[in-house]
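So that the names make sense, note that chain A is the first sequence line, chain B the second, and so on, each numbered from 1. Keep in mind the model is a prediction, meaning the values are calculated, not measured.
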Amino acid sequence: MLLGFPLLSLAIWLPILFGVLVLTTGGDRNAPLARWLALAGALLGFLVTLPLYAKFDISVVEMQFVEMRPWIERFNAHYHLGVDGISLLFILLNSFMTPLVVIASWRVIESRVAQYMAAFLIMSGLLNGVFSSLDAVLFYLFFEAMLIPMFLIIGIWGGPDRVYAAVKFFLYTLLGSLLMLVAFIYLYDVSGGSFEILDYHDLRLSLTEQILIFIAFLLSFAVKVPMWPVHTWLPDAHVEAPTGGSVILAAILLKIGGYGFMRFSLPITPDASHYLAGFMIALSLIAVVYIGLVALVQADMKKLIAYSSVSHMGFVTLGIFIFNAYGAEGALVQMVSHGFISGALFLCVGVLYDRMHTRMIADYGGVVNKMPVFASLFMLFAMANSGLPATSGFVGEFMVIMGSLKVNFWYAALAATTLVFGAAYTLWMYKRVIFGAVANSHVEALSDITLREALVLGLLALAVLGMGVYPKPFTDVMHASVNNLLTHVAQSKL
Amino acid sequence: MTFSMSDLVPAYPELFLLLMVSLILVFDLFVSDEKRFLTYLLTQLTLFGCAVITVSVSDPAVRYSFSRMFVSDLMADSLKVMVYLSVAVMLVYSRTYLMLRGIFRGEFFALTLFAMLGMMVMISANHFLTLYLGLELLSLSLYAMVAMQRDSAIATEAAMKYFVLGALASGMLLYGMSMLYGATGTLEITKVAQAIHSGVGHRTVLVLGLVFIVAGLGFKLGVVPFHMWVPDVYHGAPTAITLFIGSAPELATFAFAMRLLVFGLQDLVVDWQGMLMILAVLSMAIGNITAIAQTNLKRMLAYSAISHMGFMLLGILSGSMNGYSSAMFYMLVYVLMSLGSFGMILLLSREGFEAENLDDFKGLNRRNPWYAFLMLLLMFSMAGIPPTAGFFAKLAVFEAALEAGYVWLVVAAVLFALIGAYYYLRIVKLMYFDEPEDHAPILPQPDARVLISANGLAMLVLGVLPHPLMALCVNSIARSL
């Protein structure tokens with residue numbers, strides 16, 4: 001630990017503090033100040049998370065950078081933070097994406113700039129809180145609080161149907177999380193008055209209890225992932241959200257579901273997880289195959305990427321519920337990689353949308369003639385989304401397929417269809433939008449990406465390529481924790 | 001039994017208040033309309049004086065006075081201080097509103113203080129008669145206050161309904177009390193408890209008495225199926241009075257429920273648990289579902305109040321120390337939320353215009369981002385979304401109910417909370433996602449502006465650091481029982 005410095009607290013509260021500061025700049029007269037302040041906050045927020053990676057001890061399975069203070073005596077709840085190999089990458093990913101979103105929204109958002117920037121900074125801090133809380137009440141607090149800024153982002157700066165999408169998003173997620181709250185309170189009573197998540201890991205529970213708790217967690221996390229059939233809020237939310245909102249939603253918010261399975265469902269209810277694994281795998285494979293086909297027929301680019309997200313997240317849940325190291329690590333890699341790729345794809349659509357004000361594939365064609373630089377970057381992300389080797393998209397999918405091959409040939413075979421469907425829907429969309437002759441006068445008037453846009457997409461391209469070519473720095477940190485998780489899950493609690 | 005002045009120490013706040021309210025009544029006769037502000041100031045000073053006296057004579061031990069008809073314990077002291085606070089806040093919020101509507105008059109202050117005296121007597125009652133006396137003093141003052149705007153037909157109607165149903169409820173209570181008296185031979189609450197504990201009294205008679213007590217209590221709390229008066233009175237009364245009805249008296253009603261059910265009838269716990277469970281589920285269901293259909297904010301908040309009482313009952317019906325302190329915490333938080341949200345209606349209202357329709361909140365974020373933010377905090381707190389105080393209030397009662405083994409009750413409560421979230425979200429949607437229709441500047445007086453800010457931010461502060469207030473509730477209950 002860095003001289004006992006509360007790094008995790010900084011990672012949470014620094015962005016929130018800057019968010020509040022940005023809010024105080026007031027109306028749109030001070031928009032430039034709000035933007036610069038937000039950028040400073042986001043960058044500082046990213047900088048304070050770097051030592052977390054640098055000082056992280058990859059051989060240790062226990063929580064690191066632990067902070068613990070008494071918080072609420074009545075519930076015996078503590079302000080307890082810590083990270084392990086499972087949560088560390090999400091904190092880094094989140095802190096990395098926030099400055100990019102701030103930069104990407106620099107000129108796009110012209111009204112209520114301060115509120116917009118503040119919402120993202122506050123959400124960034126809350127998300128770091130979600131990934132580092134080791135106390136159930138604290139976790140729940142961050143988990144729910146994060147809905148508020150996202151609700152406002154979709155509802156204020158979103159598209160024409162934004163109100164419907166925002167309310168649907170909020171109520172859907174609230175439904176799941178409230179039952180998780182009941183599960184937490186139940187665990188609190190069973191464990192004799194503890195809200196420590198790590199205490200729950202060793203708590204003995206009967207199979208019935210485990211199954212009920214598993215279902216309560218499942219409702220909460222399945223909505224977040226989102227798994228088929230509770231994914232229907234996602235296309236609406238994505239289509240209506242402003243670009244920045246879509247990016248954070250796809251890159252970070254969805255990851256809470258996968259993280260939740262690994263932190264809560266598996267270790268707290270291992271027997272129920274095994275008992276219901278077939279069910280979970282079935283849902284995952286339906287997501288991979290069926291939603292992949294649904295993505296194929298989308299006419300709206302954002303919707304297509306949203307469905308592609310659901311399909312890719314099917315890989316994550318598949319990897320988690322086959323209970324081997326390839327699967328679990330593959331799921332983690334896939335989540336991080338999907339964070340980069342889907343974030344980048346939404347930014348690409350945002351670039352086009354800002355110029356043409358339409359997301360319909362049919363309105364485009366021949367963009368490469370006018371925007372060659374953009375076209376090549378977009379190409380990279382499209383390839384990564386289809387799982388081309390040497391991009392990060394390949395690594396995770398390959399690991400999960402390897403893992404499922406060990407369990408059942410047909411799981412692997414079905415999962416592998418995504419390499420076909422994924423390539424089909426992504427590249428077909430790419431072909432229709434980018435290639436061909438210039439489709440209409442609006443496309444004719446397009447200008448290539450600005451330096452600001454190039455910077456954002458370029459950084460993401462580096463991340464995608466880097467992780468694809470040399471994933472070791474990412475996988476190294478997770479080995480110890482993943483192995484620990486798997487041995488824990490293998491032990492029955494009955 | 002010889003009388004000495006020191007026996008009266010526990011009742012000093014009440015005696016001081018009675019003295020002051022008589023003084024104010026006379027003083028106001030000599031004050032012209034332009035100088036009515038002096039009466040207001042004197043009222044605020046009285047509240048402050050009461051708080052000082054209550055805190056200084058407070059004692060961790062339980063003390064009795066007036067031949068054990070009156071009790072002073074930590075629960076009573078904490079609740080009383082909260083009552084002073086909420087009455088003071090109510091007076092600040094409603095000053096301009098009352099002035100503009102011509103009811104900023106001496107009667108208003110006298111009635112407010114008499115009502116408060118009634119609440120204090122209720123809170124400190126250790127005798128059925130004291131309890132009833134306090135309740136009637138409170139209720140009669142409230143009936144008159146609802147009807148204060150004499151030329152408003154809707155207010156008069158509300159007052160009439162309130163009075164008729166309130167009288168019915170009082171009758172039920174008295175009938176229940178008389179049955180308990182018949183069964184146990186005493187009216188003193190602690191003695192009733194002892195008598196029941198030692199097996200005196202026929203159980204059927206006791207339970208029959210209990211049914212009437214719970215019905216009367218249900219009326220006063222405004223829980224389903226005894227809730228009919230709540231929406232009409234909340235809607236019909238001038239908003240300042242609605243604010244008053246929806247805040248401090250709830251604390252007194254909580255004490256009322258505690259004194260009767262827990263202090264007096266603890267041995268019948270299994271019987272009243274079942275009754276309260278029905279009331280709680282019905283209130284959460286009907287309150288939350290009906291609130292969705294409302295277009296008038298005051299009516300919506302009335303149904304929301306009904307549902308909140310249902311949630312609070314979850315704490316009491318757990319029948320444990322944890323449960324009682326959770327219910328108390330819920331009540332305290334609810335009173336703060338209620339003050340804030342009705343306060344917001346008052347601040348947005350102006351001469352000849354009541355901001356009581358949902359649409360009046362459209363685009364508030366454009367008109368004034370700060371008030372919109374405060375209202376957002378209040379609404380999310382009502383919905384029980386962290387990081388606001390309402391979340392911990394709900395968490396506490398859920399935990400208590402689950403500890404008592406009511407798993408399905410809690411699951412049902414959670415689902416009703418989800419339904420409830422919808423109509424609170426709608427207010428946020430109106431404020432943030434819609435364009436304003438009304439562009440009049442919002443210019444409340446400075447003290448109200450500061451206070452509403454503190455009120456709204458308190459939701460956030462208590463939502464992050466609820467420990468001090470929770471500890472106070474835990475302590476109050478533990479020391480008083």
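Residue A:Tyr79 qualifies as enclosed at atom OH: its count of foreign heavy atoms under 6.0 Å is above 12.
Annotation: maximal heavy-atom pairing with chain A below 4.5 Å, among B:Leu418, B:Val407, B:Val428, occurs at B:Leu418. Between chain B and the residues A:Tyr186, A:Phe151, A:Tyr140, A:Tyr188, the largest count of heavy-atom pairs under 4.5 Å involves A:Phe151. Ranking B:Val410, B:Val411, B:Asn365, B:Leu465 against chain A, the residue ahead of the rest is B:Asn365, based on heavy-atom pairs under 4.5 Å. Listed options A:Leu171, A:Val190, A:Leu138 were ranked by heavy-atom pairs under 4.5 angstrom with chain B; first place goes to A:Leu171.
Only the side chain of B:Phe391 has a heavy atom closer than 4.5 Å to any heavy atom of chain A. With a 4.5 angstrom heavy-atom cutoff, A:Ala77 does not touch chain B via any of its atoms. Using a 4.5 Å cut-off between heavy atoms, B:Ala413 makes no contact with chain A at all.
Of the possible donor and acceptor atoms, none in the side chain of A:Trp71 sits under 3.5 Å from a partner among the backbone N and O of B:Pro466.
For a heavy-atom cut-off of 4.5 Å, chain A lies close to B:Pro369, B:Leu376, B:Phe380 in residues 367-384 of chain B. Residues of residues 111-135 of chain A having a heavy atom under 4.5 Å from any heavy atom of chain B, listed by number: A:Arg112, A:Gln115. Scanning residues 469-481 of chain B against chain A with a 4.5 Å non-hydrogen threshold yields B:Met470, B:Val474, sorted by number.
With values rounded to the nearest 0.5 angstrom, A:Leu141 atom CG is found 8.5 Å from B:Thr388 atom OG1. In this structure, CG in B:Leu425 is found 8.0 Å from CG in A:Leu174, a value given to the nearest 0.5 Å. Distance check, rounded to the nearest 0.5 Å: CG of B:Leu395 to CD1 of A:Ile185 gives 5.0 Å. From B:Lys429, atom NZ reaches atom CZ of A:Phe170 across 15.5 Å, with rounding to the nearest 0.5 Å. Taking CZ of B:Phe392 as the start and CZ of A:Phe75 as the end, the distance is 7.0 Å to the nearest 0.5 Å.
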What verdict does the side-chain contact (heavy atoms from CB on, under 4.5 Å) test give for A:Leu178 and B:Leu415, after you've listed the backbone C-alpha separation in whole Å, the side-chain angles of each residue and the deciding distance to 0.1 Å? CA-CA 8 Å; A:Leu178 280 170; B:Leu415 293 178; over 6 Å; no
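Annotation for B:Phe433 and A:Ala166: closest pair CE1-CB, 4.0 Å, computed over non-hydrogen atoms.
In this structure the side chain of B:Pro386 never reaches within 4.5 angstrom of the side chain of A:Val137, judged on heavy atoms. The closest side-chain heavy-atom distance from B:Phe398 to A:Val182 is not below 4.5 Å. Inter-residue side-chain proximity for A:Arg74 and B:Asn322 is flagged as met; some heavy-atom pair is nearer than 4.5 Å. Contact check for A:Leu147 versus B:Ile385: no side-chain heavy atoms found under the 4.5 Å cut-off.
Partners of B:Tyr330 under the ring pair (Phe, Tyr, Trp, His ring centres under 6.0 Å) rule, at least two apart in sequence or in another chain, are B:His308.
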